[in-house]
Amino acid sequence: MSANLPVSDEVVITCALTGVLTNPLQHPVPVTPEQMAASAREAYDAGASVMHVHFRSQQEGRGHLPSWDPQVALSIADAIRQACPDVILNFTTGTIGRDQQGALDCLRAGRPEIAACNAGSLNYLKARANGQWAWPPMLFENTVEKVEELLVVCRELEIRPEFECFDVGILRSVGMFADVGMVAKPNYNLVMGVASGMPADADLLDILPRYMKPGALWQTTLIGREEIWPVHRKTAELGGHLRTGMEDTFYLADGTRTAGNGQLIEALVKVAEDAGRKVVSPQRAREIFL
């Protein structure tokens, strides 16, 4: 672990409430503002201070599809804030291509405290055991121009960007964003478990923090099944902040399926406490994160 990143006994927990394309007819992911608020409250009561929010189509039978309707974003933000006092909202901004106007409109409508900023491009791939692609290969396009456009809006709205890093090159690029003045104090989210990005491997956490700016906040987003839980433990031990939720996994450490976001957060709180970390309140999380 780099000496530049001191370990605090305090930890902020984020819940990623719902994913991008998960079908609510197959998995118990929240879609409507009421469902999002209820699921957020379960996570909040279990120990989460930050809610990472994706928006879904509210049309009948289309809840598996993403939405960039700013009124949907506002309705969901209002519902969660009403259900969870002092909660911190973290909005997704990820668009596959260059056009991110819908995401920017949602930021302006919902005014979250944090915006996820995908910090570099990635060939988004997954191969099946039968030798076929799981989906047609696609480029998750996040050029410097696109990142800078998002950061301008974050500065305008006083939103803290959280840099999503899918590989080591993207992690190092965030440092260069700071070097050239695009951001004053970068905060890192190590996204591990995407098939064409960094694996969910605890050993990587002995290396990656040394490439972060001194004193930076960092956390891990771990995508997978029971194999992610040792990486959560290592994150907690090394001083990182923690995130889980039904965007990232449906599975607890013993391989059983979770009943919902609250159960995942309860499990993550135990990981934090076993590592000697203190899960903070939303009020304290605001002081640390904002």
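Counting from 1, the numbers follow the sequence of the chain as shown.
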When you look at Asp86 and Arg81, which way does the salt bridge (charged side-chain N to carboxylate O under 4.0 Å, His left out) test go after all the steps? CA-CA 7 Å; Asp86 291 320; Arg81 285 178 171 135; over 6 Å; no

Within 6.0 Å of CD in Glu156, more than 12 heavy atoms from elsewhere: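 Count over threshold, so yes.
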
Is it the case that over 12 heavy atoms from other parts of the model lie below 6.0 angstrom from the CD atom of Gln283?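 For Gln283, atom CD is crowded (more than 12 foreign heavy atoms under 6.0 Å).
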
Quick check: do [X] and [Y] have side-chain heavy atoms less than 4.5 Å from each other?
X      : Y      : answer
Ile223 : Thr249 : no
Thr244 : His232 : yes
Lys270 : Asp274 : yes
Val50  : Val12  : yes
Asp206 : Lys234 : yes
Met192 : Leu222 : yes
Leu171 : Trp218 : no
Met246 : Pro28  : yes

Between [Y] and [X], is there a side-chain donor-acceptor contact under 3.5 Å, judged purely by atom types and distance?
X      : Y     : answer
His64  : Asn23 : no
Arg257 : His27 : yes
Ser67  : Ser57 : no

Give a yes or no on whether the backbone of [Y] and the side-chain of [X] come within a donor-acceptor separation of less than 3.5 Å.
X      : Y      : answer
Arg286 : Val87  : yes
Gln82  : Ala79  : no
Glu113 : Leu89  : yes
Gln35  : Val31  : yes
Ser39  : Pro30  : no
His52  : Cys15  : no
Arg56  : Thr22  : yes
Arg111 : Arg108 : yes
Asn118 : Asn142 : no
Thr256 : Leu252 : no

Can you list the residues that meet the side-chain contact (heavy atoms from CB on, under 4.5 Å) rule with [X], with sequence neighbours excluded?
X      : result
Ala73  : Phe55, Phe91, Cys106
Pro199 : Asp201, Leu204
Ala178 : Val183, Pro186, Lys213
Ser75  : Pro33

Any link between [X] and [Y] through a network of hydrophobic side chains (Ile, Leu, Val, Met, Phe, Trp, Tyr) touching at under 4.5 Å?
X      : Y      : result
Val29  : Ile80  : no
Ile207 : Phe163 : yes
Leu242 : Met198 : yes

Work out which heavy atom in [X] is nearest to a heavy atom in [Y]; give both atom names and the distance.
X      : Y      : value
Leu125 : Pro137 : CD2-CB, 3.5 Å
Leu205 : Thr235 : CD1-OG1, 3.3 Å
Glu227 : Pro230 : O-CD, 3.3 Å
Val147 : Cys117 : CG1-SG, 3.8 Å
Val279 : Ala272 : CG2-CB, 4.0 Å
Val144 : Phe177 : CG2-CE2, 4.2 Å

Can you list every side-chain hydrogen bond (donor to acceptor under 3.5 Å, both in side chains) pair that touches residues 121-141, not counting sequence neighbours?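 Qualifying pairs: none.
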
Show, in sequence, the C-alpha distance, side-chain angles and deciding distance for Glu164 and Asn189, and conclude whether the side chain to side chain donor-acceptor pair (under 3.5 Å) test is met. CA-CA 5 Å; Glu164 317 296 291; Asn189 183 6; 2.7 Å; yes

Side chain to side chain donor-acceptor pair (under 3.5 Å), that's the test. Do Gln101 and Asp105 meet it? Break it down for me. CA-CA 6 Å; Gln101 189 59 52; Asp105 291 343; 2.9 Å; yes

Audit row: Arg284, Glu287, salt bridge (charged side-chain N to carboxylate O under 4.0 Å, His left out) steps and yes/no: CA-CA 5 Å; Arg284 177 59 180 149; Glu287 296 173 356; 2.8 Å; yes

Would Arg225 pass as a cation-pi partner of Phe250, given that its NZ or CZ must be under 6.0 Å from the six-membered ring centre and within 45 degrees of the axis?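 Cation-pi check for Arg225 and Phe250: fails.
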
What salt bridge (charged side-chain N to carboxylate O under 4.0 Å, His left out) pairs are there with at least one residue in residues 32-53, not counting sequence neighbours?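 Sorted pair list: Arg41-Asp45.
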
Pairwise distance [atom1]([X]) to [atom2]([Y]) - rounded to 0.5 angstrom:
X      : Y      : atom1 : atom2 : answer
Ser8   : Ile288 : OG    : CD1   : 6.0 Å
Asp248 : Leu264 : CG    : CG    : 9.0 Å
Leu268 : Ile13  : CG    : CD1   : 4.5 Å
Leu151 : Ile159 : CG    : CD1   : 11.0 Å

Can you tell whether the side chains of Glu273 and Lys278 come within less than 4.0 Å, N to carboxylate O?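 Between Lys278 and Glu273 there is no salt bridge, as every charged N stays at least 4.0 Å from the carboxylate O atoms.
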
Between Arg160 and Glu162, does any NZ, NE, NH1 or NH2 come within less than 4.0 Å of an OD or OE carboxylate oxygen?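 A salt bridge is present here (some side-chain N lies under 4.0 Å from a carboxylate O).
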
